[in-house]
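The structure displayed is predicted, hence computed values, not measured ones. Proteins get letters first, then strands, A, B, ... in listed order; numbering begins at 1 in each.
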Number of protein chains: 2
Amino acid sequence: MTHDRPATAPQPEHERAERILDAARELLMAWGYKRVTVDEIARRARIGKGTVYLHWKTKEQLFTALLRRELRQHVHTVATGIERDPDAARPSRVAREVFAEQARAPIHRAMLAGDDELLGALAVSGTGLPVIRELGFGELLARLVEIWRAHGLLTEALPAADQVFIIDMALHGAVTGGVVTGLDNSDYPTEHRADLLAHTIRTALEPAGPPNPARLRAAAQAVLTALEDARHTLDAPGLHAANR
Amino acid sequence: MTHDRPATAPQPEHERAERILDAARELLMAWGYKRVTVDEIARRARIGKGTVYLHWKTKEQLFTALLRRELRQHVHTVATGIERDPDAARPSRVAREVFAEQARAPIHRAMLAGDDELLGALAVSGTGLPVIRELGFGELLARLVEIWRAHGLLTEALPAADQVFIIDMALHGAVTGGVVTGLDNSDYPTEHRADLLAHTIRTALEPAGPPNPARLRAAAQAVLTALEDARHTLDAPGLHAANR
DNA sequence: CAGTTGACCAGATTTGAAATTTGGTCAATC
DNA sequence: GATTGACCAAATTTCAAATCTGGTCAACTG
């Protein structure tokens, strides 16, 4: 190789991987997994098809990497909110933010809802699990619950597993809508639904009254660490190393 | 006609309609809407196919009548529970019972979840609404919420519409399961999930502390009336009168 | 003749084989 | 050494023929 490339310089390979993912993202939202072809992705990225396979072994791995990136960015958004205001680290606030983000981002919603139309074969992974679960969402939620409990942001009246279940249930219900709630019911704004989700989780799981500011800050710190770890876990293998 | 048939005598037509619905029910659970043929229903009911069309104009109307009957029986179950114990009229208890019933009865679950596999074309009605909604489930829930509020079984801190949304959201989430919750997760018993749903609705929507016994009894009475009305509404047109 | 039936039909669905598309590879090229 | 696109096997789509099924109604029954 021509001298060692300084680590600080932008790695062209990584940049290219991002470009490919950008192209895949556009096409995914426009056409859905099934109808997107690797050829078309390569064309959009102004690259030969073979080059795509220099980055990922299969189409599925490429898109998994994309979903990881989406989730990673979302985790970053949540983390930023918490850095700005520790109160955003409370369970109800985090759930609210996840819901709100889902309403904005079609891909994120598809992951949470297991949308077969958009994700196609990706909706359930090879092991039969929903992608979102495969991506470690469950583990992250479980860890957050432990942190929240340790810092008094969740009651200890209920076992942690039950609290995970309730958060999961409420979030899923809010995302996929119910019997009465039409998903197209646009006169019931997203923000309002998000508030109701937050209200539900707060009253069902959080201790009464506002949290102690000092404990809240400590909790926020721990949550940020957990999110940072999750982001690290989500660092998608996108280069040669992962191949073969 | 040969004399007027006394109204007290069992009407063979009605009995026959029930037999047809029984046959349809068995087949629906075994094969799903799409694969059940009217021929097979007639055979099971030991009746000519033409006779089926003496009762309902179309296959879809036949199955809608079946779903109505299912729902009617379920409403009856809930009502019986309330007659036995007025406490069962509380929002959290009703939600719990609906969830528990859904776990037992495949058809009921399919209606709540909008299961395309089992209900096929029936999952969403002609107007694009989930069947369950078409059957007046939404209206019933809205009416119950009003009753609960009037009798102090629900806070007035939240608008009624919001409470409907939350109940709907929680119920739907519990039924369809979330990201973490595998639907096959058999080591998380139905009864326990039902308890968690009840807990969520109780803490999120009901006033703190046990309800005043006198008011509870009055509320139970009003709820029973509403259920009775719903049952009446659900009386499926199953005879000639509805034809043409 | 009122009530019931199943042969019948048009339209929907399924089948299956040929034609096309697409994920993935690798020899040729830069 | 990195990149590419022609190439291939396998998957998917097409499309017409074959089959099935919802719904009707003339015939039949008691």
Side-chain angles (χ1 to χ4, degrees), chain A residues 1-5 11-17 19-21 23-24 27-28 31-66 116-117 119-122 126 238-244, chain B residues 1-5 9-17 19-20 23-24 27-28 30-66 116-117 119-122 126 238-244:
Chain A
M1 51 189 81
T2 60
H3 312 308
D4 276 329
R5 190 184 287 118
Q11 294 154 352
E13 284 216 348
H14 183 270
E15 261 176 35
R16 191 175 60 189
R19 277 223 328 280
I20 297 172
L21 290 183
L27 291 167
L28 179 66
W31 301 103
Y33 179 76
K34 211 174 49 184
R35 277 182 276 196
V36 175
T37 68
V38 177
D39 261 310
E40 183 65 25
I41 294 174
R43 198 170 311 134
R44 285 254 187 157
R46 297 165 176 279
I47 234 172
K49 176 157 75 154
T51 308
V52 171
Y53 286 91
L54 258 33
H55 289 266
W56 301 278
K57 261 195 303 202
T58 67
K59 180 187 176 186
E60 189 174 320
Q61 282 184 22
L62 187 166
F63 276 95
T64 302
L66 172 60
D116 193 72
E117 181 63 34
L119 296 182
L122 242 58
L239 299 177
H240 271 114
N243 222 330
R244 282 282 147 182
Chain B
M1 52 191 80
T2 59
H3 312 306
D4 276 330
R5 190 185 286 120
Q11 294 153 352
E13 284 216 347
H14 184 270
E15 260 175 35
R16 191 173 60 187
R19 278 221 328 281
I20 297 172
L27 291 167
L28 179 67
W31 301 102
Y33 179 76
K34 210 175 47 184
R35 277 180 275 196
V36 174
T37 69
V38 177
D39 260 311
E40 183 66 23
I41 294 173
R43 197 171 311 135
R44 285 255 186 157
R46 297 165 175 280
I47 235 173
K49 176 157 75 153
T51 307
V52 171
Y53 286 91
L54 258 33
H55 289 267
W56 300 278
K57 261 194 304 201
T58 66
K59 178 187 176 186
E60 188 174 322
Q61 282 184 21
L62 188 167
F63 276 95
T64 302
L66 172 59
D116 191 73
E117 182 63 35
L119 296 182
L122 241 58
L239 300 177
H240 270 114
N243 224 330
R244 285 281 148 186

| What residues, two or more places apart in sequence or in another chain, satisfy side-chain hydrogen bond (donor to acceptor under 3.5 Å, both in side chains) together with B:R19? | none
| query | What is the distance from CG of A:L54 to P of C:dG23, rounded to the nearest Å? | reply | 17 Å
| request: Can you tell me the distance, in whole Å, between the CD atom of A:E60 and the P atom of C:dT22? | output: 18 Å
| query | Looking at the side chain of B:I47, which of C:dT4, D:dT3, C:dT5 is the nearest nucleotide? | reply | C:dT5
| Would you call A:I41 and A:F63 a side-chain contact if the rule is heavy atoms closer than 4.5 Å? | yes
| Does A:E40 have any side-chain hydrogen bond (donor to acceptor under 3.5 Å, both in side chains) partners at least two apart in sequence or in another chain, and if so, which? | A:R43
| Taking only N and O in the side chain of A:T51, is any of them less than 4.0 Å away from OP1 or OP2 of D:dT4? | yes
Restricting to nitrogen or oxygen on both sides, can you table the protein-nucleotides 19-22 of chain D pairs closer than 3.5 Å?
| residue | atom | partner | partner atom | Å |
| --- | --- | --- | --- | --- |
| D:dG22 | OP1 | B:V36 | O | 3.3 |
| D:dG22 | OP1 | B:K59 | NZ | 3.1 |
| D:dG22 | OP2 | B:V38 | N | 2.8 |
| D:dG22 | N7 | B:K49 | NZ | 3.1 |

| message | Does any part of the side chain of A:L21, heavy atoms only, come nearer than 4.5 Å to the side chain of A:L62, both counted from C-beta? | response | yes
| query | To the nearest angstrom, how far is B:K57 atom NZ from D:dT24 atom P? | reply | 10 Å
| A:L62 CG to C:dT22 P, straight-line distance once rounded to whole Å | 16 Å
| message | If we ignore hydrogens and angles and just use 3.5 Å, is the side chain of A:T51 paired with the main-chain N or O of A:I47 as donor and acceptor? | response | no
| In whole angstroms, how far is the P atom of C:dG24 from the NE2 atom of A:H55? | 16 Å
| For the pair made of CZ in B:R43 and C1' in C:dA7, what is the distance, rounded to whole Å? | 14 Å
| said: Rounded to whole Å, how long is the line connecting atom CZ of A:R46 with atom P of D:dT3? | reply: 17 Å
| task | Taking the side chain as every heavy atom from C-beta outward, state whether B:R16 and B:H55 have any pair of such atoms under 4.5 Å apart. | result | yes
